[in-house]
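First the structure, in the form of structure tokens, and then the observations on it.
Numbers restart at 1 for each chain; the letters A, B, ... are given by sequence-line order, proteins then strands. Note that these values count all heavy atoms, side chains included, but never hydrogens, waters or copies made by symmetry.
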Amino acid sequence: MEEQVFQYVSKDQKAALPPPASEVGAFGIVRRNLFATPVDSILSIAAGLFVLWAAWSIFQWAVLDAVFTGEDREACLVEGGGHGGACWAFVEAKFGQFIYGTYPFAERWRVDFLFVALVLLVAGVAIPKVPYKRLNAVLLFGVFPVLALVLLTGGRFAFSGGELALLFLIAAAVTISDVSSEPQVGFHSLPVKIALGATLLAFVAILLSNFVSARSFEFLDFRFTLLSLISFLAAVVALGLVVFVGVMARRGEGNVARLFFPAAAVILFLFLMSTNFGLPQVPTNFWGGLMLTLVVALSGIGASLPLGILLALGRRSDMPAVKLLSVVFIEFWRGVPLITVLFMANFMLPLFMPEGVTFNQLLRACVGVALFSAAYMAEVVRGGLQAIPKGQYEGADAMALTYWQKMRLIILPQALKLVIPGIVNTFIGLFKDTSLVYIIGLADLLGTVRRGFNDPNWITPSTPATGLIFAAFIYWLFCFSMSRYSIYTERRLDTGHRS
Amino acid sequence: MSLPNEAAAKGDAGTTRPTKMQVSDEVAVQMVDVNKWFGEFHVLRDINLTVHRGERIVICGPSGSGKSTTIRCINRLEDHQKGKIVVDGIELTDDLKKIDEVRREVGMVFQHFNLFPHLTILENCTLAPIWVRKMPKKKAEEIAMHYLTRVKIPEQANKYPGQLSGGQQQRVAIARSLCMNPKVMLFDEPTSALDPEMIKEVLDVMVGLAEEGMTMICVTHEMGFARQVANRVIFMDAGQIVEQNEPHAFFTDPQHERTKLFLSQILH
Amino acid sequence: MSLPNEAAAKGDAGTTRPTKMQVSDEVAVQMVDVNKWFGEFHVLRDINLTVHRGERIVICGPSGSGKSTTIRCINRLEDHQKGKIVVDGIELTDDLKKIDEVRREVGMVFQHFNLFPHLTILENCTLAPIWVRKMPKKKAEEIAMHYLTRVKIPEQANKYPGQLSGGQQQRVAIARSLCMNPKVMLFDEPTSALDPEMIKEVLDVMVGLAEEGMTMICVTHEMGFARQVANRVIFMDAGQIVEQNEPHAFFTDPQHERTKLFLSQILH
Amino acid sequence: QTLDTVKERGQLRCGVNTGLPGFASQNDQGAWQGLDVDYCKAVAAAVFGDASKVQYSPLSAVQRFPALQNNEIDMLARNTTWTMDRDTTLGLAFAGVNYYDGQGFMVKKDLGVNSALELSGATVCVQSGTTTELNLADYFRTNKMDYNPVVIEAQSDVNSAYDSGRCDVLTTDASGLAASRLEMASPENHVILPEIISKEPLGPAVRQGDSQWFNIVKWTHNALLDAEELGVTQENVDEMMTSENPEIRRLLGQDKDFGASIGLSKDWAVNIIKAVGNYGEIFERNIGVNTPLEIQRGQNALWTKGGLQYGMPIR
Amino acid sequence: MSVETETMPRRVSGSSILNNPTVRSIVIQVSLIVFLVGFTWWIIDNTARNLAAANIASGFDFLWSRAGFDIAITPIAYTSNETYGEAIVIGILNTLIISAAGIALATILGFVVGIGRLSGNFLIRMLSTVYVEIFRNIPPLLVILFWYFGVLSVLSGPRGLEESPIGIYLTNRGLQIPSIIFGALAWASFAAFVVGIVAAIVIAQRNKKHQLATGERKPILWTALALILGLPILVFIVTGVPAVLEFPTANRFNLAGGIQIRPEFIALWLALSIYTGAFIAEIVRAGIMSVSKGQNEAASALGLRRGQALRLVVVPQAFRVIIPPLTSQYLNLTKNSSLGLAVGYPELVAVGSTVLNQSGQSIEIVCIWMAVYLTISLSVSFFMNWFNSKMALVER
Ligand SMILES: Nc1ncnc2c1ncn2[C@@H]1O[C@H](COP(=O)(O)OP(=O)(O)OP(=O)(O)O)[C@@H](O)[C@H]1O
Ligand SMILES: Nc1ncnc2c1ncn2[C@@H]1O[C@H](COP(=O)(O)OP(=O)(O)OP(=O)(O)O)[C@@H](O)[C@H]1O
Ligand SMILES: [Mg+2]
Ligand SMILES: [Mg+2]
């Protein structure tokens with residue numbers, strides 16, 4: 001031993017020694033992780049035996065005793081009536097149904113195509129390194145839904161005059177709000193006033209047309225009632241006027257092309273939806289399987305995010321009526337089970353509609369799911385809004401941004417980014433919840449699997465377990481990858497450019 | 001309307017202004033008998049203040065005396081309950097249109113910069129010109145680069161605020177306000193969140209602005225700055241303007257007891 | 001137990017101690033050839049250290065040199081893999097009984113105070129006496145109030161830690177340790193998480209403790225404190241004790257290259 | 001006005017069972033078949049002259065009435081029991097009885113049970129929300145026996161619960177029992193007990209309040225019965241056009257245009273018979289003795305043959 | 001230029017009353033309310049017309065008519081002669097029963113697994129992680145179906161079972177266990193049990209006081225056990241064992257006698273507990289991790305033992321973090337119990353849907369569902385708000 005004196009100066013640098021065996025090496029690691037204390041050792045042995053037993057049983061069930069091929073139940077039946085391993089032959093035989101439901105064979109390429117497009121677009125938006133984020137997002141959120149609707153159903157939607165009027169009304173309203181924020185235009189200029197009046201007229205007319213039953217007639221290939229025709233014409237006039245005013249005001253500088261966007265979008269939408277592309281129509285009761293699950297989940301996701309944002313803004317509004325309504329709405333949906341919501345959508349929604357208006361069952365389920373998750377989404381978004389410092393609001397105010405500009409350009413981008421993990425978690429919940437639609441009779445993934453094991457050709461003791469585990473695996477795959485993605489973004493945001 | 005202190009201030013300005021610029025006769029900001037309450041609490045009491053175009057005003061006073069509130073009333077981040085505030089000829093009322101118009105003419109720089117962290121420096125600067133002034137993006141960027149060069153950080157244009165030092169961020173905040181080509185600039189303790197080395201770089205930019213004749217109202221405790229550029233120093237306490245004078249006289253010969261006390265604490 | 005270096009230490013201690021108190025012959029803490037690894041990483045290399053009752057040791061050294069690890073080994077918050085640590089006559093092994101006994105005699109103050117936020121200041125202080133020393137509550141509270149008065153915050157006794165400033169919290173942490181009436185106190189950078197004004201109040205308390213003759217081992221970079229109260233300053237680097245000396249000599253005449261470098265960085 | 005909507009849409013929306021062999025089930029190609037399905041086809045043939053213009057909505061017991069009430073389907077052909085409650089408070093109108101049924105029990109052979117009266121203490125699988133569930137409760141109550149109900153929503157799940165041994169007894173309409181037996185892993189191990197504990201007249205239903213549409217469905221049913229009675233079949237319908245028999249001539253629209261009175265074409269009945277045959281043919285094709293279900297005509301024989309099926313005269 | 005003219009407010013072109021924020025906000029709110037009222041009225045009007053057109057009766061009168069169907073699991077007496085209203089009450093009770101049972105098991109599972117995820121033991125940690133990651137990412141409905149159709153249904157039937165010596169049988173009819181039939185004198189044992197509990201509490205209180213006064217602590221565990229368990233057993237024996245066990249016996253169809261726990265209940269219970277347990281485990285883990293390592297170290301440095309440190313320092317802090325999300329998991333479990341419908345467990349939604357189907361009163365039933373669940377949710381959130389404000393850590 002070195003002599004230690006009161007005054008002491010080390011003479012040499014001591015080299016780092018390899019740790020004793022107890023600290024590293026296989027033995028050390030095993031000891032520390034498994035046999036640190038006697039209790040630990042017992043636990044380890046018990047857990048180890050359990051793991052071995054479980055792994056072996058799973059392996060035996062899923063591989064050793066499993067039946068991989070076969071024509072029908074005979075293959076999976078065990079001599080003497082006991083239950084054997086997994087009946088993968090069943091999954092194999094029904095695989096097409098699990099994925100597409102009863103979607104016609106000849107048309108399945110449409111689903112495949114959409115699926116590939118979806119994967120590419122989602123990857124483009126979700127992976128940070130991929131360029132063209134903006135374009136990708138526009139394609140994913142703007143183009144893909146329309147494309148999917150046309151491809152899946154076969155298109156050729158028949159629009160009523162009322163719907164036509166409504167679309168143009170929306171376009172007019174959007175354009176007016178854009179043009180009137182122009183400093184040299186404003187609400188007071190005469191053409192804008194006229195346009196505003198026309199829009200209002202269109203709105204009132206379309207509202208009334210819902211109450212008044214009147215004879216309908218053909219006009220431009222659409223079935224109008226008198227009121228909806230008035231509404232349509234008024235909306236078109238408003239749109240035209242306002243675009244004209246905008247073009248005049250922005251002559252020379254400013255972005256003129258943007259003024260035409262809403263009108264163009266509406267016309268393009270109508271064109272895509274009602275044109276016959278020669279695709280055979282596939283009614284929604286042929287849809288099923290994973291495809292239906294994805295349709296419900298994606299439309300729920302697509303609808304719940306904007307709705308949730310609106311609700312969150314409403315809940316933070318300082319207008320008492322708006323706030324109260326948002327709170328009531330949110331708390332209502334969060335307080336009841338989804339299954340009752342689906343029952344309501346299924347049984348009551350049609351009763352709410354005027355006579356003769358029917359709602360597709362799938363659409364009703366989607367509406368239920370979307371409203372339900374919007375409430376959860378609203379709470380997530382609200383968390384993000386609350387985390388934005390007051391200075392950001394004041395900074396935006398001091399720059400004379402309007403409320404919607406402030407929200408859209410400053411607050412929401414930051415707030416949403418903060419809560420991406422929460423949003424993804426809501427998506428996961430929504431994805432899992434889609435499995436409930438089978439209770440109201442839709443053949444989603446779980447529904448088709450269940451229908452599968454009532455097939456007399458495949459009734460065996462091991463069919464249900466096999467089918468359910470297959471379905472569980474698919475759900476798990478989707479949810480688990482989403483949750484990993486959420487963790488990944490959380491980490492990325494943590495180390496991101498915000499200091 | 002003629003106020004007792006106004007003539008004095010004007011007269012003073014004509015004779016003792018330390019810098020070379022002329023103050024015009026035009027009134028940029030006028031506050032008449034402004035009163036404001038936060039709930040029960042009377043923050044501003046009969047504030048009267050006329051700022052002419054080209055004038056540089058420094059407001060000081062103890063914490064909680066209502067300095068921030070006063071200048072936040074000028075661009076209506078707070079509303080006042082009594083009295084009249086006229087900015088660039090527009091009276092501030094509940095009329096949103098007018099508020100927008102005033103805010104377009106008034107730039108504001110905050111203590112904590114309040115840059116938008118999700119936008120690059122350049123985007124921070126072009127945001128308002130594009131969306132409020134409806135400027136084409138190209139032109140807005142040219143202007144932004146001009147002002148960024150002016151505050152000496154053109155090379156940072158494509159970084160994010162989080163990547164800049166405090167002093168740089170505050171200079172960006174000033175450039176961002178200038179991009180809207182404001183007639184009046186308000187500063188609310190622009191240097192108090194900064195480290196000493198950074199204070200100087202921000203003050204330099206502000207002195208430069210002052211020398212170009214920008215109308216400025218500045219809440220600050222940087223007395224050196226006040227001496228160098230202010231036309232008038234205003235001392236507030238407990239919600240009222242206790243004393244105002246041109247800087248030299250203010251510092252060397254404060255009249256009011258409270259001013260003396262405050263100056264003794266702040267000048268070392 | 002008689003170790004070769006003990007006599008030497010004693011001899012030295014008699015002549016060069018800068019403060020007025022006597023160091024007894026009794027050994028409070030002894031570390032002999034202590035080695036420790038974190039996985040592959042050799043943190044402590046042959047640490048030899050004898051601390052006598054009443055001695056005040058300051059440990060300094062660059063970040064990551066193993067200072068915290070060393071003192072955490074003394075109350076077995078970390079275990080060592082080689083060598084021997086004897087505290088108050090009890091050798092630290094895996095024996096839980098002995099560890100408990102040692103911990104009862106050794107108080108520790110952490111960089112981040114580690115007060116229990118769900119308990120009041122008084123409850124923080126009485127927790128261990130009641131549960132570990134099995135003291136009646138009344139008596140524990142009396143003692144706690146005594147020490148809280150000693151660190152000058154008796155009036156905060158019924159507040160919660162979250163309501164106190166950092167300096168006050170650290171003083172509570174010291175009082176909490178003292179309530180167990182420890183024979184040795186360990187401090188791990190007790191002031192490095194504090195604002196400058198608060199550092200002083202905490203150091204004052206520590207100086208007071210030192211003057212009362214408490215055995216202290218303190219990791220700190222407050223060199224003023226070291227000069228004022230330490231018997232010995234120990235400099236560690238890369239897991240070993242590079243140099244130790246009485247403070248005057250240590251600061252004025254460092255022997256080792258690394259000590260010189262470190263001191264040049266830290267003293268301005 | 002249902003007729004207008006149907007015509008405008010170009011398709012008949014018909015609610016059927018989610019899967020009950022012989023009555024409504026999908027074959028491997030996904031095509032629907034069964035007695036109820038043939039009724040849908042018959043109505044489509046009457047309206048469009050084309051039996052393929054049907055869009056089938058498979059409905060569970062819980063869904064079927066709301067679906068009809070909510071205009072999602074134009075007619076319900078889903079082995080639904082005609083009861084007064086349903087006829088009055090649920091807003092349904094039954095157009096006739098296409099199958100006279102009664103509730104029965106099925107048990108596993110190895111239990112050795114020969115009569116329903118031996119079932120005390122048994123576990124019984126039953127579909128929820130049906131008259132079956134109510135009859136079951138009443139039957140055991142009146143005979144002072146206990147049972148454990150296992151109530152499940154979809155008939156196919158009820159069947160598989162019974163087959164997997166969750167219950168000792170399966171109860172549903174006797175026809176359903178025969179169909180269900182086919183779905184068992186080994187049909188030969190199950191017996192249907194002789195007791196029939198209820199009257200279950202099954203028939204197609206429509207919404208109340210649209211008498212024209214109601215008439216179409218009602219007279220489609222009658223036409224099917226009359227055709228059997230008159231010996232008009234899918235094969236010979238063309239020859240029969242020239243028949244001298246005034247009743248046949250009226251049925252086939254040769255004498256007077258009865259179709260017009262219900263808003264259809266003159267040859268509406270011809271279209272029906274061409275598409276699906278007469279009632280007897282439908283019966284034999286889907287559930288008769290030559291099918292796996294092996295159901296005798298029994299009560300469902302024509303009145304002329306001692307059964308209850310009685311087609312109202314077309315005149 | 002005079003000051004007066006200078007300060008004259010410049011008129012901004014086109015100032016309008018609509019630019020006043022108060023006016024604007026009132027206009028927006030009024031139009032929103034008008035729109036909503038109109039919309040609601042439109043819906044009600046449509047509904048009324050639709051109901052009239054379909055000739056469907058409405059109103060809650062049907063609740064008093066005879067139900068006519070039997071319910072499999074009835075916590076209170078019920079026969080098919082009872083009313084729809086009573087059937088729904090049974091449903092509510094069953095919902096509460098399954099929720100309570102599920103909450104109990106899920107909490108145990110969640111805490112065990114949550115602590116397991118922080119264990120130093122690699123195997124335990126890995127097992128816990130695997131459990132959590134699997135069940136968090138699978139729909140609860142699937143888990144329920146798996147237990148019901150995949151596991152319980154394929155158990156062997158009740159006939160031809162070997163007799164079990166302890167009288168416990170697990171078959172595809174559920175779990176059959178012996179029941180205890182108490183004799184006349186059994187009340188004495190119950191009384192002794194109650195007395196034992198009271199006495200144990202009294203002694204515990206006294207001990208605590210004693211400890212505060214003198215610092216000494218007496219072990220209480222054995223005394224308490226003796227009082228709570230020993231005393232009743234003693235009385236039980238003294239009174240001559242006034243109870244018999246009823247063992248299940250096979251009859252023609254089923255096992256009869258004893259207590260039968262039906263597979264519908266077991267499947268739903270296990271599935272809800274396992275599913276929710278995975279979430280609770282994450283909450284527990286986060287709660288424990290939220291207590292910084294420093295807290296543990298400080299407690300150790302003060303000489304507190306591991307158990308004491310846990311009880312006095314870690315758990316009280318962790319609980320503040322754990323309880324709010326834990327309650328919302330409890331609510332979720334209660335709401336998820338509505339999936340009992342899928343396996344025929346007669347909870348509120350399942351019974352309700354039968355009633356809906358028998359009576360055709362869809363609107364009324366959906367309203368009842370919503371009202372019941374909303375009542376539960378809202379009362380729990382009121383409780384939570386109160387709890388949070390009470391437990392919040394005091395900060396500056
Ligand atoms: N939104 C508010 N609600 C209520 N009281 C407020 C609000 N904002 C400020 N106050 C109070 O008004 C008084 C004046 O505040 P102000 O911020 O104008 O002071 P200041 O002079 O800028 O002080 P400092 O130098 O600390 O910034 C203070 O007492 C403050 O507490
Ligand atoms: N629990 C641990 N596991 C692995 N390595 C550790 C652990 N604790 C500390 N270390 C490493 O051991 C080395 C010494 O750490 P220690 O905390 O003792 O340094 P220090 O001298 O106190 O430094 P500082 O001044 O930064 O507190 C460092 O390199 C540190 O990274
Ligand atoms: Mg301020
Ligand atoms: Mg350290």
Side-chain angles (χ1 to χ4, degrees), chain C residues 68 71-72 74-78 96-97 99-120 123-141 158-165 168-169 173 176-177 179-180 182 185-186 188, chain E residues 120 122 204-221 286-324 326 387-396:
Chain C
S68 301
I71 66 165
R72 288 160 62 86
I74 295 176
N75 72 348
R76 193 83 176 180
L77 286 179
E78 309 279 359
L96 287 178
K97 204 98 202 167
I99 293 175
D100 274 351
E101 236 166 287
V102 165
R103 284 183 180 165
R104 242 176 272 156
E105 305 305 336
V106 177
M108 178 144 184
V109 175
F110 299 85
Q111 181 179 5
H112 292 111
F113 336 140
N114 291 347
L115 295 182
F116 305 133
H118 62 301
L119 301 178
T120 62
E123 287 166 346
N124 262 285
C125 292
T126 57
L127 187 79
I130 290 177
W131 291 94
V132 179
R133 288 235 187 274
K134 316 265 185 240
M135 221 179 254
K137 192 172 172 199
K138 261 271 169 42
K139 189 158 160 235
E141 283 180 353
N158 291 313
K159 289 200 183 156
Y160 284 87
Q163 297 168 295
L164 267 52
S165 75
Q168 290 172 319
Q169 289 194 44
R176 181 174 72 173
S177 293
C179 285
M180 285 290 282
M185 285 282 284
L186 309 176
D188 190 0
Chain E
F122 169 75
Q205 293 285 348
R206 284 242 315 266
N207 270 4
K208 188 154 184 212
K209 257 193 209 132
H210 181 77
Q211 190 215 338
L212 289 185
T214 66
E216 255 179 277
R217 266 189 327 137
K218 296 182 195 156
I220 170 140
L221 186 68
I288 294 177
M289 292 217 308
S290 75
V291 182
S292 65
K293 205 166 137 241
Q295 293 288 314
N296 252 317
E297 290 185 346
S300 302
L302 284 171
L304 293 176
R305 285 218 204 86
R306 183 132 183 81
Q308 287 175 328
L310 264 182
R311 184 155 53 92
L312 298 170
V313 176
V314 178
V315 171
Q317 292 183 53
F319 257 92
R320 278 161 223 265
V321 181
I322 289 175
I323 290 207
L326 188 65
F387 178 86
N388 274 343
S389 60
K390 204 170 159 276
M391 293 299 278
L393 279 183
V394 184
E395 297 281 353
R396 278 216 272 200

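Note: C/Met135 leads C/Met135, C/His112, C/Arg76 in heavy-atom pairs under 4.5 Å with chain E. Contacts with chain E were tallied for C/Asn75, C/Leu96, C/Asp100; C/Asp100 has the most, counting heavy-atom pairs under 4.5 Å. Comparing C/Arg72, C/Lys138, C/Met180, C/Glu105 by heavy-atom pairs within less than 4.5 Å of chain E, the highest count is held by C/Arg72. Contacts with chain E were tallied for C/Arg104, C/Arg133, C/Glu101, C/Arg176; C/Arg176 has the most, counting heavy-atom pairs under 4.5 Å.
Here the shortest heavy-atom pairing between E/Gln295 and C/Phe116 reads OE1-CD2, 2.8 Å. Between E/Leu302 and C/Val132, the closest heavy-atom pair is O-CG2, 4.0 Å.
For a residue to count as touching a neighbouring chain, one of its non-hydrogen atoms must lie under 4.5 Å from one of that chain's; by this rule E/Gln308 touches chain C with the side chain only. Heavy-atom distances place both the backbone and the side chain of C/Ile130 under 4.5 Å from chain E. Proximity to chain E is absent for every atom of C/Ile99, based on heavy atoms less than 4.5 angstrom apart. For C/Phe110, the part sitting under 4.5 Å from any heavy atom of chain E is the side chain, from C-beta outward, and nothing else.
The local environment of NZ in C/Lys134 is crowded, with over 12 non-hydrogen atoms from other residues, nucleotides or ligands closer than 6.0 Å. The 12-atom threshold is not exceeded at CZ of E/Arg206, counting heavy atoms of other residues, nucleotides or ligands nearer than 6.0 Å.
Here the NZ-NZ distance, from E/Lys208 to C/Lys137, works out to 8.0 Å after rounding to the nearest 0.5 Å.
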- How far apart are the C-alpha atoms of E/Phe319 and C/His118, what are their side-chain angles, what is the distance that settles it, and do they pass the side-chain contact (heavy atoms from CB on, under 4.5 Å) test? CA-CA 11 Å; E/Phe319 257 92; C/His118 62 301; over 6 Å; no
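Proximity of E/Ser300 to C/Met108: side-chain heavy atoms (C-beta onward) are nowhere separated by under 4.5 Å.
Between the side chain of C/Asn114 and the main chain of E/Gly294, a donor-acceptor pair closer than 3.5 Å is present.
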